[in-house]
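Structure first, then comments.
Labels below follow one simple rule: chain letters A, B, ... track the order of the sequence lines, proteins then strands, and each chain is numbered from 1. Only this structure's heavy atoms are used, side chains among them; waters, hydrogens and symmetry mates stay out.
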Amino acid sequence: MIKITLKDGSIKEVEKGISVIELARNISEGLARVATVAEVNGEIKDLRYCLEEDASVNILTFDSDLNGKKAYWHTTSHIMAQAVKRLFPEVKLAIGPSIDEGFYYDFDVEKPFTDEDKEKIEEEMKKIIKENLPIERFSLPREEAIALMKKMDEPYKVELIEDLPEGEEISFYSQGEFTDLCAGPHLESTGKVKAIKILSSSSAYWRGSEKNKMLQRIYAISFPKTSSLEEHLKLLEEARERDHRKIGKELDLFMTHQLVGSGLPMYLPKGATIRRILERYIQDKEVKMGYNHVYTPSLANVELYKTSGHWDHYKEDMFPVMKMENEEMVLRPMNCPHHMLIYKNKMHSYRDLPIRIGELAHDFRYEASGNVCGLERVREMCQNDAHLFVRPDQIKEEFKKVVELILSVYKDFGFTDYTFRLSLRDKFDKEKYFDDDEMWNSAESQLREILTELNLNFYEAEGEAAFYGPKLDVQIKTALGHDVTISTCQLDFLLPRRFELKYIGEDGKEHTPVVIHRAILGTFDRFLSFLIEETKGAFPIWLAPVQVKVLPITDAHLDYANKVKEELEKIGARVEVDSRNEKIGYKIREAQLEKVPYMLVVGEKEIEENTVGVRSRAGGDIGAVKLQEFVDKVSKEVKNYTK
RNA sequence: GCUACUAUAGCUCAGUUGGUAGAGUGCUACCUUGGUAAGGUAGAGGUCACGGGUUCAAUUCCCGUUAGUAGCUCCA
């Protein structure tokens, strides 16, 4: 039995395994309006997933629960649909769910909404809120539901109802003249919504398939208080300020040019410095862990990818074939095949495994034009790639080591905002995923077991696996709100077969190794974009392109400034002298905006006392310190791979 | 790739209801030799992304290309 605490404090008991809709019917008519989110044994959960085990459930309301916002936003999405219907009666309604931050509604409309349209819609929404229309829920049998939607001339709703599974309750919500097919939950009336804001409009395919019609989507958000809305808009503004494309330009890290092409960024000296340090950092770490690095060409015969199977899956996204005299070449989209051949170059004993082949390898993918984004999504990338060739009995240990490496790297950078995703295949997609149920089931369950054993907090996602095997992906959210993969570790039983890889086992017979594909920093490009957004350009000192900037007060102090620079260069620091004929306040301002970790002001006083006037990026003016003392202090900071 | 929007000085942007353009900042020179987030003056810098079309005349209107932005789709 499940013990349910309702928002009014009353307690009810229900059978476990009950659906949310049954629950709503059995316990309280208003329940589905209250929340589909609840506190279960102390944890906040989506109610739909927590009715299967014995539990004590506390139904949460909007005020006490962040997730309760969903009911709130969902209600506002109906208000938006109602406003659109009032202003543009010919519009057909698609869907309008709540999302992580706000909600959207998709409309089928002849002409996309203009800014003026959106202003009018927002005004109309405010009117509907003022009208404080009560929200009524009712349900209909399937045929009657379809008839109602046909009568209302809402073809998308008819399609939705037709696709609902047999036996599912078909519920509607009404407010004033407006009725919409909806599972809920909703607030009691439109007047409960206070502050609203239309954020943006765009387009989206009906049911998320590019084969379908393109609909117009409006994103919006709402809050019970105006101040919360203002706070939210401020956060959005801050995220825009963190955008790596903006900071990358401001700090001279990278550039792009029309003549070079889309998705082909060029690293400027400062960005290249960071990248060089990142490359050394990760390779040093890998060497310590027994990786062997190789260099392989960025070009290959197209037959290589036909052998691996990549050609069938990804030829559309590869740069086109270059036909030469008697062969056809392509720019490589990934490195696995090259590394497979390196493994195959030699006969291996079971004693040789695991073999870890690593490479900082350039790959080329013709990303669709609309997908290209700064350093986040590019057409030529450099991967921090490696392939581990292991015996089946070594999978667990090697996988574990990779996860440890990932965790250690994230710790070095101080990253905490990431999630682990177990990426599984979509069982019904026989086209994308290699069709061998036994192989998949085994690989997926092994991977799940490893992650559970590692005590990793992960979520599962179907349809996110590679065509050859399941993956552990490390996901982060960019400043723009994109959910992207940084690190990945993949289990592959397929490619070793395709390339007929072998090792001689203890039994003297041939066996097929298992391959673990992994990338820790992912691509240097995307990693740098993440690093920029996480640090807002204030890189940890060991990565800062300029670690110390010496600021002479006047020209008369230039010699001493250069001497300070030399002393610091002896310990390997990256130092610049600002020798311009400018006032000290101006030089400080510029160095500060460049986010240089240490600024050293030098003038008469410092020369006399052989000191430097230290100012730190974060802490401001620190005061005079003996030059040698400062050099000693930073000698470790500038080189150590730590935050 | 799809839908929409955008492209003016190195950067951030204004402007022209069709008659070849302006600010701030940066850059250069000069003055200022200044002590912890912007000293002053002057100057240089633009085929108004590119290619067509309409027009007496196009940076402005139309079409295409390239590049960018938002979302969708895709992501080995």
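A:Asp363 and A:Asn335 form a side-chain donor-acceptor contact under 3.5 Å, judged by distance and modelled atom types alone. At a cut-off of 3.5 Å, with distance as the only test, no side-chain donor of A:Glu376 or A:His244 sits close to an acceptor on the other residue. Looking only at atom types and distance, the side chain of A:Arg217 has a donor-acceptor partner in the side chain of A:Tyr219 under 3.5 Å away. A side-chain donor from one of A:Tyr468 and A:Gln490 sits under 3.5 Å from a side-chain acceptor of the other. In this structure, a donor-acceptor pair under 3.5 Å is present between the side chains of A:Tyr267 and A:Asp525. No side-chain donor-acceptor contact under 3.5 Å links A:Gln216 and A:Asp108. A:Arg332 and A:Thr296 share a donor-acceptor pair across their side chains, judged by distance under 3.5 Å alone.
When rounded to the nearest whole Å, the span between CZ of A:Arg589 and C1' of B:G39 equals 14 Å. We find that CG of A:Leu551 is positioned 14 Å from C1' of B:G34, with the value rounded to whole Å. Rounding to whole angstrom units, CG of residue A:Asn212 and P of B:U3 are separated by 15 Å. Nucleotide B:G35 holds its P atom 12 Å from the CD atom of A:Glu606, rounded to whole Å. Taking atom CD1 of residue A:Ile218 and atom P of nucleotide B:U3, one finds them 19 Å apart after rounding to whole Å. Atom CG in A:Leu251 sits roughly 13 Å away from atom C1' in B:C11 (whole-Å rounding). The interatomic distance linking A:Glu116 (CD) with B:A4 (C1') rounds to 14 Å, in whole Å. Following rounding to the nearest Å, A:Lys605 (NZ) and B:U33 (P) show an atom-to-atom distance of 21 Å.
Here A:Lys249 lies in heavy-atom contact (under 4.0 Å) with sugar-phosphate atoms only. Across all strands shown, A:Glu590 has no heavy atoms under 4.0 Å from either base or sugar-phosphate atoms. Within the nucleic acid shown, A:Asp555 comes within 4.0 Å of at least one base atom, counting heavy atoms only. Contacts of A:Ile584 with the nucleic acid, taken as non-hydrogen atoms under 4.0 Å apart, involve only primed sugar atoms and P, OP1 or OP2.
Counting heavy atoms of neighbouring residues, nucleotides and ligands inside a 6.0 Å radius, atom CD of A:Glu237 exceeds 12 of them.
A gap of 27 Å separates the C1' atoms of B:A9 and B:G52, to the nearest Å. Between B:G10 and B:G26, the distance separating the two P atoms is 16 Å to the nearest Å. To the nearest whole angstrom, the two P atoms, one in B:G22 and one in B:U47, are 15 Å apart. B:G39 sits 40 Å from B:U59 when the P atoms are compared, rounded to a whole Å. Nucleotides B:U66 and B:C50 have their P atoms positioned 16 Å apart, rounded to a whole Å. Using atom P as the reference point in both B:A76 and B:U16, the two lie 48 Å apart (nearest Å). Rounded to a whole angstrom, the distance from the P atom of B:A58 to that of B:A67 is 27 Å. Comparing the same atom, C1', in B:A42 and in B:U12 gives a spacing of 24 Å after rounding to whole Å.
Phosphate proximity of B:U33 to A:Tyr586: absent, as no side-chain N or O sits under 4.0 Å from OP1 or OP2.
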Watson-Crick and G-U pairing of RNA chain B, under 3.5 Å, as dot-bracket with | and [ ]: (((((((..((((.....[..)))).(((((.......))))).....(((((..]....))))))))))))....
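Across B:A38, B:U3, B:G39, the shortest atom-to-atom separation from the side chain of A:Pro112 is found for B:U3.
A cation-pi geometry, defined here as NZ or CZ lying under 6.0 Å from the six-membered ring centre and within 45° of its normal, does not hold between A:Lys213 and A:Trp206. A:Arg421 forms no cation-pi arrangement with A:Phe458, by the criterion of a distance under 6.0 Å to the ring centre and an angle within 45° of the ring axis. Cation-pi contact between A:Arg425 and A:Tyr433: absent, since separation from the ring centre below 6.0 Å together with deviation from the ring axis within 45° is not met.
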Contact letters for nucleotides 66-76 of chain B, in which S counts primed atoms plus P, OP1 and OP2 and B counts the base, heavy atoms under 4.0 Å: BSSSBBBBBBB
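Closest-nucleotide positions on RNA chain B for A:His557 and A:Asn581 were compared, and the one nearer the 5' end corresponds to A:Asn581. Toward the 5′ end of RNA chain B lies the nearest nucleotide of A:Arg580, the other residue of the pair A:Val602 and A:Arg580 mapping further downstream.
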